[in-house]
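Below, chain A is the first sequence line, B the second, and so on; all start at residue 1.
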There are 2 protein chains.
Amino acid sequence: MARFTHPRLEDVPLDLALHALADPNRLAMVARLAETERLSCTDAAPCDSIPKSTLSNHLKLLRAAGLIDTTQAGREMINTLRRAEFDGRFPGLLDAVLANRPV
Amino acid sequence: MARFTHPRLEDVPLDLALHALADPNRLAMVARLAETERLSCTDAAPCDSIPKSTLSNHLKLLRAAGLIDTTQAGREMINTLRRAEFDGRFPGLLDAVLANRPV
DNA sequence: TTTAATAGTTCGGCATTCTTGAACTATCGA
DNA sequence: TCGATAGTTCAAGAATGCCGAACTATTAAA
């Protein structure tokens, strides 16, 4: 199955990072990963009404923004937040966004 | 000429705010207004290669996100950052974004 | 008081991006 | 080996974004 490419954080522009976070579903997934670390794609989903293909796309975008890392484990894809790296690249940003997330 | 409507900050969702900031040109305008306060539309523009209509659209979006206030003064529209209000709504967010802005 | 210039908005069409169903790949369990 | 599970990829329609052209409003000049 597909092997993913993860960008170096230094190559991620701020716009892309903000764009990735500027979607309620994606932000909810990031928030989940901030709490639970190591979630399959379906487990990372904020609700089960989101189609698989849409979910897959959201995760692809989060990967491109340097926010998550995805590795294959059996037939699941395990996602983790690249917290330390992201924070190193954009200090304080993720904290500020997560702190202001709606309940 | 048109009179603008400015949203109450409490009605601005985080997604909209992030989306407004997730564009290099808009972010540059916000950064400018953070320094210079009170800029006409053309003066707020990050460069003069941006078409008027595009500029107008960007500013409309920033207004809708509760980031700027626009009032008419003669034939100019004067824009100011709604800094205190925005910070009250999303504490630390604008600071974090501006601090991470590319040079 | 026309006339011209300035400052920006609005509209409409093209282009890009987003969403999602359908088909596909890969892995695991029976 | 067969079926079920987990997720990707593709393609088409929907939704957004960008920008030229036409328009409105205000000021300045003639």
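As a whole-Å value, the separation of A/Ile50 CD1 from C/dG21 P is 12 Å. A/Lys52 has its NZ atom 14 Å from the P atom of C/dT25, to the nearest Å. Counting to the nearest Å, the P atom of D/dG17 and the CG atom of B/Asn25 are 14 Å from each other. If you take CD1 of B/Ile78 and C1' of D/dA25, they are 15 Å apart, rounded to a whole angstrom. The interatomic distance linking A/Asn79 (CG) with D/dG7 (C1') rounds to 11 Å, in whole Å. Put simply, CE on B/Met29 is 12 Å from P on C/dG8, counting in whole angstrom units.
Comparing A/Ser53 and A/Glu76 against DNA chain D, the residue whose closest nucleotide sits nearer the 5' end is A/Glu76.
B/Arg83 CZ to B/Leu33 CG: the interatomic distance, rounded to the nearest 0.5 Å, is 11.0 Å.
Closest to the B/Arg75 side chain, of the nucleotides C/dT6, C/dT20, D/dG7, is C/dT6. In this structure, of D/dC19, C/dG8, D/dT8, it is C/dG8 that holds the atom nearest to the side chain of B/Ser40. Comparing C/dT10, D/dT9, D/dT8 by their nearest atom to the side chain of A/Lys60 picks out D/dT9. Side-chain atoms of A/Gln72 lie closest to C/dT27 of the nucleotides C/dT9, C/dT27, D/dT8.
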Can you give me the N/O atom pairs linking the protein to nucleotides 12-18 of chain C at distances under 3.5 Å, or say none if there are none?
unit_1, atom_1, unit_2, atom_2, d
C/dC18, OP1, A/His19, NE2, 2.9

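Regarding contacts with the backbone of D/dC18, every side-chain N or O of B/Thr54 stays at 4.0 angstrom or more from both OP1 and OP2. Between A/Thr42 and D/dG7 there is a side-chain polar atom (N or O) within less than 4.0 angstrom of OP1 or OP2.
The bend of the helix from C/dT1-D/dA30 to C/dA30-D/dT1, defined by the angle between the axes of its first five and last five pairs, stands at 10° to the nearest 10°.
When each of A/Ile68, A/Leu39, A/Leu55 is tested with A/Met29 by the rule side-chain contact (heavy atoms from CB on, under 4.5 Å), just one qualifies, namely A/Leu55.
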